[in-house]
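In what follows, a structure is listed as structure tokens, so that the remarks can point back to it.
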Amino acid sequence: MTEVKAYGTESKEADLKQIKIERRDLKENDVEIEILYCGVCHSDIHAAKNDWGNTTYTLVPGHEIVGKVKQVGDKVSKYKEGDLVGVGCMVDSCQECSACKDDLEQFCEKGMVGTYNGKNKHTGKQTFGGYSTSITVREEFVVSVPENLDLKAVAPLLCAGITTYSPLNHWNVKKGDKVGIIGLGGLGHMGIKFAHAMEAETYMITTSPDKADDAKKLGADAVLISKNEDEMKEHHGTFDFLLNTVPVKHDINPYLQLLKRDSTMVMVGAIEPLEPMHGGNIIMGRKRVAGSLIGGIKETQEMLDFCGDNNVTSEIELIDIKDINKAFERVQDSDVKYRFVIDMSSLK
Ligand code: NAP
Ligand code: ZN
């Protein structure tokens with residue numbers, strides 16, 4: 001075991017503060033990574049505040065990790081010291097079930113191991129995330145970062161990136177499709193960038209009129225203010241695909257009315273009961289509401305390679321770790337452009 005510095009919280013009421021945690025000794029197929037940057041996902045806040053009722057404290061959040069390989073175990077073949085790598089929301093899975101065999105480790109039938117708030121298979125203890133100076137992860141859950149990209153702006157791709165890329169990819173969004181991304185936060189801004197890069201006609205659907213200019217700069221062809229009923233009505237029945245990133249309980253009915261016949265809205269945000277859905281909104285037009293969870297490791301690597309080829313990264317505000325509690329507040333107030341990333345050299 002090695003003791004390393006981290007930021008964590010002891011309860012849902014407490015602020016995050018500097019603590020020490022243990023990382024396991026390097027095993028033969030492990031990669032030890034010096035963490036350079038870690039993104040701040042809204043899920044980190046949900047977990048810190050125990051919004052999903054499953055948090056075990058001490059919690060060290062962070063699942064948008066990029067860094068440099070420090071050392072590798074004897075049987076590691078893909079990485080060597082000095083390589084730039086990333087780790088997302090998972091650090092382990094059974095590798096044997098049908099989901100794992102289909103490269104969908106996030107749906108591992110035995111349960112994937114979360115990067116934080118999971119159970120470390122080797123030590124039996126809690127897993128700790130990326131708000132820390134280093135992490136040790138089995139090779140299969142490490143991805144390679146394209147060298148042409150700005151490393152700190154790559155960090156959010158490991159969760160916000162894959163969570164938006166995967167549904168756009170899975171539902172075959174293609175050139176000319178009319179696609180709406182709902183909610184302009186960390187996930188939403190990546191959704192716009194990917195839909196635009198896939199040459200869809202991309203709409204930002206937002207509650208915040210003041211984000212309209214930014215949305216266009218990020219690649220949206222047009223902006224729809226969801227609180228404006230008349231504006232929404234003009235687009236009824238016209239969208240080929242909607243990606244809903246809203247993080248809290250809300251009314252999905254106004255969005256469903258935007259869909260065309262036989263098209264789908266994919267939920268990736270709120271993992272909680274929603275306002276009741278009116279059956280008529282999906283029965284009429286044979287519409288679908290679906291869900292999606294991050295993406296498998298193979299697809300995460302594909303997404304990173306796509307970003308390398310198309311020069312896609314996240315828009316970030318770089319912060320020192322001591323400012324993390326303020327950053328949490330700002331994310332909750334929808335006041336982030338568009339992802340906080342922690343400069344881990346500030347954790348001393
Ligand atoms: P975020 O940065 O806080 O962005 C969410 C955006 O949703 C806000 O900026 C706001 O955009 C909009 N919004 C907020 N409250 C709203 C409301 N009441 N009604 C309508 N729109 C509202 O959050 P994030 O990091 O993108 O994460 C979004 C959600 O996805 C979180 O719940 C997170 O836990 C979840 N998540 C899921 C997965 C997965 O695999 N499924 C992965 C990562 C994260 P506007 O101002 O533009 O309206
Ligand atoms: Zn996340």
Side-chain angles (χ1 to χ4, degrees), residues 38-49 51-52 54-55 61-65 86-90 104-107 112 114-117 129-131 155-167 170 180-193 203-215 218 220 223-228 232 242-255 266-272 274-275 290-296 299-300 303 314-317 327-341:
C38 184
V40 178
C41 179
H42 204 124
S43 302
D44 299 351
I45 302 168
H46 286 310
K49 309 275 177 218
D51 287 345
W52 297 322
N54 67 351
T55 303
H63 57 207
E64 294 184 336
I65 299 169
V87 176
C89 303
M90 309 180 270
L104 296 167
E105 300 87 349
Q106 73 273 35
F107 303 124
M112 57 91 156
T115 303
Y116 57 80
N117 200 36
Y131 296 7
L157 301 177
L158 275 305
C159 174
I162 184 61
T163 302
T164 50
Y165 177 89
S166 179
H170 181 78
I181 308 292
I182 304 169
L184 181 43
L187 266 55
H189 94 288
M190 289 313 308
I192 298 184
K193 288 191 175 206
Y203 277 69
M204 182 68 235
I205 304 174
T206 176
T207 59
S208 310
D210 58 329
K211 292 183 185 170
D213 287 345
D214 279 358
L218 292 165
V223 176
L224 197 50
I225 308 300
S226 52
K227 288 174 179 160
N228 183 329
M232 292 284 277
L242 292 172
L243 181 63
N244 184 328
T245 77
V246 177
V248 288
K249 179 176 185 173
H250 64 287
D251 182 9
I252 61 172
N253 292 291
Y255 302 119
V266 174
M267 309 294 299
V268 290
I271 309 183
E272 58 188 292
L274 301 167
E275 298 288 354
S292 188
L293 178 70
I294 49 175
E299 197 180 29
T300 304
M303 178 273 310
S314 179
E315 304 300 311
I316 66 154
E317 282 189 49
F328 271 20
E329 279 173 29
R330 284 188 49 202
V331 172
Q332 285 173 300
D333 293 339
S334 300
D335 174 28
V336 47
K337 294 189 170 170
Y338 279 91
R339 198 58 140 186
F340 288 115
V341 170

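Numbering starts at 1 and runs along the sequence shown. Both ligands and their constituent atoms are indexed starting at 1 by order of listing. Just the heavy atoms: all of them, side chains too, but no hydrogens, waters or symmetry mates, feed the values below.
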Protein heavy atom at shortest distance from [atom]:
{"atom": "atom 24 (P) of ligand 1", "result": "His42 CB, 3.6 Å"}
{"atom": "atom 33 (C) of ligand 1", "result": "Ser43 OG, 3.4 Å"}
{"atom": "atom 35 (C) of ligand 1", "result": "Val268 O, 3.5 Å"}
{"atom": "atom 4 (O) of ligand 1", "result": "Gly185 CA, 3.3 Å"}
{"atom": "atom 40 (O) of ligand 1", "result": "Ile294 N, 2.7 Å"}
{"atom": "atom 47 (O) of ligand 1", "result": "Thr206 OG1, 2.5 Å"}
{"atom": "atom 10 (C) of ligand 1", "result": "Ser334 OG, 3.7 Å"}
{"atom": "atom 26 (O) of ligand 1", "result": "Leu187 N, 2.8 Å"}

Show which atoms of ligand 1 fall inside a sub-4.0 Å distance from at least one heavy-atom site of [X].
{"X": "Val331", "answer": "3 (O)"}
{"X": "Thr245", "answer": "28 (C), 29 (C)"}
{"X": "Lys211", "answer": "9 (O), 11 (O), 45 (P), 46 (O), 47 (O)"}
{"X": "His46", "answer": "31 (C), 32 (O), 34 (O)"}
{"X": "Cys41", "answer": "43 (C), 44 (C)"}
{"X": "Trp52", "answer": "34 (O)"}
{"X": "Gly183", "answer": "7 (O), 11 (O), 12 (C), 47 (O)"}
{"X": "Arg339", "answer": "24 (P), 25 (O)"}

Using a 4.0 Å heavy-atom cut-off, which part of Thr163 comes near ligand 1: side chain, backbone, both, or neither?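 The answer is the side chain of Thr163.
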Side chain, backbone, both or neither: which applies to Pro247 and ligand 1 if a contact is any heavy-atom pair less than 4.0 Å apart?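 Within the 4.0 Å criterion, Pro247 contacts ligand 1 through backbone and side-chain atoms alike.
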Check: [Y] and [X] side chains under 4.5 Å, non-hydrogen atoms:
{"X": "Lys49", "Y": "Gln332", "answer": "yes"}
{"X": "Lys249", "Y": "Glu275", "answer": "yes"}
{"X": "Met232", "Y": "Tyr255", "answer": "yes"}
{"X": "Ile294", "Y": "Ser166", "answer": "no"}
{"X": "Lys211", "Y": "Ile225", "answer": "no"}
{"X": "Asp214", "Y": "Glu315", "answer": "no"}
{"X": "Met267", "Y": "Leu274", "answer": "yes"}
{"X": "Leu242", "Y": "Ile205", "answer": "yes"}

What are the two closest heavy atoms between [X] and [Y], and how far apart are they?
{"X": "Lys227", "Y": "Thr207", "answer": "NZ-O, 3.4 Å"}
{"X": "Asn244", "Y": "His250", "answer": "ND2-NE2, 3.0 Å"}
{"X": "Arg339", "Y": "Gly186", "answer": "NH1-CA, 3.6 Å"}

Pick whichever of Ser208, Gly186, Ser292 has a heavy atom sitting closest to atom 46 (O) of ligand 1.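 It is Ser208 whose heavy atom sits nearest to atom 46 (O) of ligand 1.
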If you stand at the Zn ion (ligand 2) and look out to NE2 of His63 and SG of Cys41, what angle do those two lines make, to 10°?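 About 120° at the Zn ion (ligand 2).
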Audit row: Leu184, Leu218, side-chain contact (heavy atoms from CB on, under 4.5 Å) steps and yes/no: CA-CA 10 Å; Leu184 181 43; Leu218 292 165; 3.9 Å; yes
Between Tyr116 and His63, how do the two ring planes meet: parallel, tilted or perpendicular, split at 30° and 60°?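 Parallel: the ring planes of Tyr116 and His63 meet at under 30°.
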Close approach of Cys159 to ligand 1, heavy atoms, under 4.0 angstrom: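 Under 4.0 Å: yes for Cys159.
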